[in-house]
Amino acid sequence: MSCCPKRPETDEEFTKSAKLKSAAPSRDFFETVNLPSARFKMGTSDTLLPQDGEKPVRRVRVAGFEVMTTTVTNSQFKAFVQDTGYQTDAERFGWSYVFQLLLENPDQYERLPGAEWWCAVPLATWDKPEGPGSDISDSLNHPVTHVSWNDAVAFATWAGGRLPTEAEWEYAARGGLDQKRYPWGDEEPNDEDLMPCNIWQGWFPHENTLADGYLGTAPAKSFEPNGFGLYNTVGNVWEWNWDLKIPMGPYEGHAVVDPTGITTGSDRIFRGGS
């Protein structure tokens, strides 16, 4: 789940109660930083992964905002559920996708066409991430998973915040660097002496060497933070943004809008990578 900038008082979309039962938790429940307004170069002209829709480079201005230093953890989401009785979409649907290497018998499950490493596991939820028999007792400081965009918005509303726009997310994730490929610079991670984030090592999707120490998620506050003090803006889990995708937009599929704006399309943007 994505980080939660401070909610603008004028944003009617986020002042709706979402039928949550209680007020926001105390401010010390989250570790945050305040980022000043700025203009930065968003996107890239690199064609390494053109399907990601990151072209072209354009100058974008973001207003100042407050952002969590980590993704939302299992512990934080647990507090939200206990306080509100919220039921996630995965719980209502009765299943969710689980990566094949996290399962003892992955062949018994249906696979996602085109991405067969994802198995449709009955009753897999945020607190049972590998399905029945699993739990989060040993991973309370890991990022919450099996969370839909609706679930993320509900949590952010309870927390007194909102999801970031794509521009806000990228500005925060870059950590103050200009047009660098990664939050630490341009050097690509490897399996030997540069492992600054939790990504796959080995033969995807069949063998993970665990060179970085993790098969699944890592604790939300792992590895070195970026220049703004944010952790894991690359790797670990994908993070929801507020923006809608624009199927035929000027930026090859991504929107750059204020959260109060209206865009076209059906899917919300997520960033970061897993």
Side-chain angles (χ1 to χ4, degrees), residues 1-4 29-31 68-84 86-104 106 109-112 115-159 161 163-164 169 173 197-201 204-205 208 210 212-223 230-242 267-274:
M1 182 192 301
S2 161
C3 44
C4 305
F29 188 64
F30 307 104
E31 180 180 295
M68 289 172 59
T69 61
T70 71
T71 55
V72 176
T73 65
N74 283 320
S75 177
Q76 291 167 334
F77 199 80
K78 180 179 180 179
F80 159 62
V81 171
Q82 290 177 335
D83 196 33
T84 64
Y86 182 83
Q87 186 178 47
T88 62
D89 281 342
E91 289 172 295
R92 294 191 300 105
F93 297 154
W95 67 279
S96 187
Y97 284 116
V98 179
F99 189 76
Q100 61 182 6
L101 294 190
L102 299 176
L103 299 168
E104 290 187 5
Y109 303 106
E110 294 185 15
R111 305 296 185 110
L112 177 64
E116 285 75 13
W117 47 87
W118 289 113
C119 302
V121 177
L123 303 181
T125 60
W126 70 271
D127 58 345
K128 299 178 181 62
E130 286 86 50
S134 64
D135 61 47
I136 57 171
S137 59
D138 293 330
S139 59
L140 289 173
N141 61 343
H142 286 232
V144 66
T145 56
H146 300 284
V147 170
S148 72
W149 186 86
N150 295 322
D151 303 333
V153 169
F155 177 92
T157 302
W158 171 77
L163 301 183
W169 191 96
C197 60
N198 178 24
I199 55 175
W200 191 272
Q201 288 104 21
F204 183 85
N208 190 328
L210 306 182
D212 62 12
Y214 303 102
L215 173 60
T217 60
K221 188 179 280 190
S222 299
F223 305 96
L230 309 185
Y231 292 84
N232 293 315
T233 58
V234 171
N236 220 14
V237 292
W238 294 98
E239 301 185 30
W240 286 114
N241 291 188
W242 172 255
D267 297 328
R268 300 287 177 168
I269 290 171
F270 49 86
R271 298 288 303 272
S274 63

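Position 1 is the first residue of the sequence; numbering continues from there. Here the structure is a predicted model, which is why all the values come from computation and not from measurement.
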Side chain to side chain donor-acceptor pair (under 3.5 Å) against Asn232, all qualifying residues, sequence neighbours excluded: none
Pairing residues for Asn236 by the side chain to side chain donor-acceptor pair (under 3.5 Å) criterion, not counting sequence neighbours: Asn198
Donor-acceptor pair between Trp158 and Asp83 side chains, under 3.5 angstrom: yes
Trp149 vs Trp242, ring pair (Phe, Tyr, Trp, His ring centres under 6.0 Å): CA-CA, chis, key distance, verdict: CA-CA 8 Å; Trp149 186 86; Trp242 172 255; 5.1 Å; yes
Which atom pairs, one a donor and one an acceptor, fall under 3.5 Å between side chains of residues 131-142 and the rest of the protein, sequence neighbours left out?
residue: Ser134; atom: OG; partner: Glu130; partner atom: N; Å: 3.0
residue: Ser134; atom: OG; partner: Gly131; partner atom: N; Å: 3.3
residue: Ser134; atom: OG; partner: Gly131; partner atom: O; Å: 2.5
residue: Asp135; atom: OD1; partner: Ser137; partner atom: N; Å: 3.0
residue: Asp135; atom: OD1; partner: Ser137; partner atom: OG; Å: 2.7
residue: His142; atom: ND1; partner: Thr217; partner atom: O; Å: 3.2
residue: His142; atom: ND1; partner: Thr217; partner atom: OG1; Å: 2.8

Any side-chain heavy-atom pair of Trp126 and Val81 under 4.5 Å: yes
Spacing of Phe155 atom CZ and Asn150 atom CG [to the nearest 0.5 Å]: 15.5 Å
Pairs satisfying salt bridge (Lys or Arg N to Asp or Glu O under 4.0 Å), at least one member in residues 90-101, at least two apart: Asp89-Arg92
Shortest non-hydrogen contact between Pro143 and Ala220, atoms and distance: CD-N, 4.0 Å
Student check: side-chain heavy atoms of Pro205 and Phe99 closer than 4.5 Å: yes
Short side-chain to backbone donor-acceptor contact, Gln76 and Thr73, under 3.5 Å: yes
By side chain to side chain donor-acceptor pair (under 3.5 Å) - contacts of Ser96 (at least two apart): His146
Qualifying residues under side chain to side chain donor-acceptor pair (under 3.5 Å), relative to Gln100, sequence neighbours excluded: Arg111
Where Trp169 and Pro164 come nearest, the two heavy atoms and their spacing: CD1-CG, 4.0 Å
Results of ring pair (Phe, Tyr, Trp, His ring centres under 6.0 Å) for Tyr97 - residues two or more places apart only: Trp95
Minimum heavy-atom distance between Pro129 and Thr145, given as atom pair plus value: CB-OG1, 4.1 Å
From Leu163 atom CG to Glu239 atom CD, the distance as rounded to the nearest 0.5 Å: 10.5 Å
Check: Trp240 side chain, Val147 main-chain N or O, donor-acceptor pair, under 3.5 Å: yes
Residues, nucleotides or ligands: over 12 heavy atoms within 6.0 Å of Glu116 CD: yes
Stepwise side chain to side chain contact (heavy atoms under 4.5 Å, CB included) test for Thr88 and Phe77: CA-CA 11 Å; Thr88 62; Phe77 199 80; 3.8 Å; yes
Side-chain touch Val72/Phe80, heavy atoms, less than 4.5 angstrom: no
Worked verdict on Phe270 versus Asn241 for side chain to side chain contact (heavy atoms under 4.5 Å, CB included): CA-CA 5 Å; Phe270 49 86; Asn241 291 188; 5.9 Å; no
Validation row, ring centre Tyr231 to ring centre Phe223 under 6.0 Å: no
Counterpart residues, salt bridge (charged side-chain N to carboxylate O under 4.0 Å, His left out), relative to Lys221 (two or more places apart): Glu31
Non-hydrogen side-chain atoms of Tyr214 and Ser222 separated by less than 4.5 Å: yes
Under 3.5 Å, which donor-acceptor pairs do the side chains of residues 117-125 form with other protein atoms, sequence neighbours left out?
residue: Thr125; atom: OG1; partner: Asp127; partner atom: OD1; Å: 2.6
residue: Thr125; atom: OG1; partner: Lys128; partner atom: N; Å: 3.4

Heavy-atom pair with the smallest gap, counting every atom of Tyr86 and Ala154: CE1-CB, 3.5 Å
Chi angles and distances behind the side chain to side chain contact (heavy atoms under 4.5 Å, CB included) call for Met68, Phe30: CA-CA 7 Å; Met68 289 172 59; Phe30 307 104; 3.7 Å; yes
